[in-house]
Amino acid sequence: MPAFRMTILGILVALPMSVGQFPAAFAAAGEGNRSCVGLDPPSDGVVTHRFEPGPGYEGHWGIDYFGDSDGYADAAARGRVAFAGEVVGNLVVSIDHGGGLVTSYSYLGEPTVTRGQRVERGTRLGHLSPGPIHDDLHFSVRIEGAYVDPETVLGCQPRSPSMGLRLVPVDP
């Protein structure tokens, strides 16, 4: 069995994020006991539907944004496009950020990225296009396959010595 070196990483500090982002992020944390190393919101629109999971496939497994000013969904962090295509009639882009963190952006009018492409934080992933069923952006976050409330991992969050930390195997 190969030995893994275990490293403590913040849940939001995925391995692919660049070290150069941290000083600016921490400088922005000047609001007392808050840490600003989270994911960026994929839209500057208003959150219109919050995370409300239900049993099985019922409920709402992400958050919805409406009224984005530039009409694009943007990558929440650096990663690689794991999927860009149609799911049940909706255009979706999913990004693997490493360390078990995956974000998905749904109800796009047209993706502007392709599977396998590397993206940076803020990369435009696709046009938002009002449609007959959805006129918003649905954003979801999974960690090790489990959906989590995206609002708990966006932007500045309250600091806690243990909340948000997990062990991640790192190849030597």
Side-chain angles (χ1 to χ4, degrees), residues 4-29 34-45 47 50-51 53 60-65 68 70 72-87 90-108 110-128 136-160 162-172:
F4 288 107
R5 189 179 89 213
M6 299 304 283
T7 304
I8 295 177
L9 296 174
I11 198 168
L12 307 175
V13 184
L15 291 175
M17 292 182 187
S18 73
V19 176
Q21 293 169 316
F22 294 116
F26 282 112
R34 297 179 69 78
S35 173
C36 296
V37 294
L39 300 173
D40 284 350
S43 168
D44 65 3
V47 174
R50 303 216 180 283
F51 184 75
H60 195 249
W61 295 84
I63 57 177
D64 292 348
Y65 290 90
D68 185 84
D70 69 2
Y72 289 93
D74 301 324
R78 174 188 284 184
R80 182 181 299 270
V81 177
F83 179 82
E86 190 172 316
V87 176
N90 297 303
L91 293 176
V92 177
V93 169
S94 293
I95 299 177
D96 184 340
H97 302 282
L101 176 66
V102 176
T103 56
S104 293
Y105 313 77
S106 303
Y107 311 139
L108 301 176
E110 177 186 335
T112 56
V113 293
T114 58
R115 186 171 185 256
Q117 179 179 338
R118 288 204 172 273
V119 296
E120 298 296 323
R121 182 181 297 262
T123 298
R124 289 183 169 174
L125 303 175
H127 301 280
L128 302 178
D136 50 13
L137 169 67
H138 179 78
F139 177 62
S140 63
V141 176
R142 288 171 284 158
I143 298 175
E144 298 294 337
Y147 284 89
V148 298
D149 181 348
E151 290 186 289
T152 64
V153 295
L154 290 172
C156 299
Q157 300 297 323
R159 290 185 191 176
S160 171
S162 62
M163 288 181 57
L165 296 179
R166 65 189 178 116
L167 296 177
V168 178
V170 177
D171 293 328

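What you see is a predicted model, and the numbers here were worked out from it, not measured in a lab.
When all heavy atoms of Phe51 and Ile63 are compared, the pair lying nearest together is N-CG2, 3.7 Å. Heavy atoms only, all atoms of each residue included: Val93 and Pro111 are closest at CG2-CB, 3.9 Å. Pairing each heavy atom of Ala84 with each of Val81, the nearest pair is CB-CG1, 4.1 Å.
Arg115 meets the salt bridge (charged side-chain N to carboxylate O under 4.0 Å, His left out) test with no other residue; sequence neighbours excluded. With sequence neighbours excluded, the residues satisfying salt bridge (charged side-chain N to carboxylate O under 4.0 Å, His left out) with Arg50 are Glu151. Checked against side chain to side chain contact (heavy atoms under 4.5 Å, CB included), Glu86 has the following partners two or more places apart in sequence or in another chain: Leu91. The salt bridge (charged side-chain N to carboxylate O under 4.0 Å, His left out) test applied to Asp40 returns Arg121, not counting sequence neighbours. Evaluation of the side chain to side chain contact (heavy atoms under 4.5 Å, CB included) rule for Ser140 yields Ser104, His138, Tyr147 as partners, not counting sequence neighbours. Looking at residues two or more places apart in sequence or on another chain, you find a side chain to side chain contact (heavy atoms under 4.5 Å, CB included) between Asp74 and Asp70, Tyr72, Arg124.
The NE2 atom of His97 sits 12.0 Å away from the CZ atom of Arg78 when rounded to the nearest 0.5 Å. The line from CD1 of Ile95 to CG of Leu39 is 10.0 Å long, rounded to the nearest 0.5 Å.
Between Leu108 and Leu128, some side-chain heavy-atom pair lies under the 4.5 Å cut-off. Side-chain contact between Leu101 and Val153 is absent, with no heavy-atom pair separated by less than 4.5 Å. Annotation: side chain of Asp68 is not in contact with side chain of Leu137 (no heavy-atom distance under 4.5 Å).
Put simply, the side chain of Tyr65 never gets that close to the backbone of Phe139: no donor and acceptor are under 3.5 Å apart.
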